[in-house]
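Bear in mind that the values here come from a model prediction, so they are computed numbers and not experimental data. Counting begins at 1 with the first residue of the sequence. When reading the values below, keep in mind they use all heavy atoms of this one structure, side chains included, and skip hydrogens, waters and symmetry mates.
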Amino acid sequence: MAHLINSGTNTVPLICEHTGMHRRTAQDTILALNELAIVCQFMGEKRNGHYEIVDWGPIRKDWVKKNLKDVLDVLSL
């Protein structure tokens, strides 16, 4: 989810379209990023704003990008 947001798929409708998640699941997943110490903030106005990853916490963003294919294979996406 953090990679999607960081890559520009950063609104709930875009996330739902890209992943096939239901709206509530996408919203819950965004909120759960905090449990991984990933800081994700909503920027802008309610109807036309977007999410941004402010801090990746313990996750190395470059590692995710480098290993994204393997991560997706494991998740079967």
Legend entry - Step-by-step side-chain contact (heavy atoms from CB on, under 4.5 Å) determination, Met43 to His50: CA-CA 5 Å; Met43 310 298 277; His50 64 278; 4.0 Å; yes
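- Leu33 and Val39 sit in two unconnected hydrophobic clusters of ILVMFWY residues. Membership requires side-chain heavy atoms under 4.5 Å apart, directly or through other members.
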Kindly list each side-chain donor-acceptor pair under 3.5 angstrom involving residues 22-31, sequence neighbours excluded, with atom names and distances?
| from | atom 1 | to | atom 2 | distance (Å) |
| --- | --- | --- | --- | --- |
| Arg24 | NE | Asp28 | OD1 | 3.3 |
| Arg24 | NH1 | Gln27 | OE1 | 3.4 |
| Arg24 | NH2 | Asp28 | OD1 | 3.1 |
| Thr29 | OG1 | Thr25 | O | 2.7 |

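- Residue Pro58 comes nearest to Leu36 through the heavy atom pair CD-O, 3.2 Å, listed as atom of the first residue, atom of the second, then distance.
- Tracing side-chain contacts under 4.5 Å through hydrophobic residues (I, L, V, M, F, W, Y), one never reaches Val54 starting from Ile59; they form parts of separate clusters.
- Hydrophobic cluster membership is shared by Val64 and Tyr51, with clusters built from Ile, Leu, Val, Met, Phe, Trp and Tyr side chains linked at under 4.5 angstrom.
- Between His3 and Trp56, the shortest heavy-atom contact is N-CH2, 3.8 Å.
- Side-chain contact check for Ile38 versus Ile53: some heavy-atom pair is nearer than 4.5 Å.
- Rounding to the nearest 0.5 Å places CZ of Arg47 at 13.5 Å from OG1 of Thr11.
- For the side chain to side chain contact (heavy atoms under 4.5 Å, CB included) with Leu14, the lone residue among Ile5, Leu4, Thr9 that qualifies is Thr9.
- Of the possible polar contacts, one joining the Asn67 side chain to the Trp63 backbone as a donor-acceptor pair under 3.5 Å is found.
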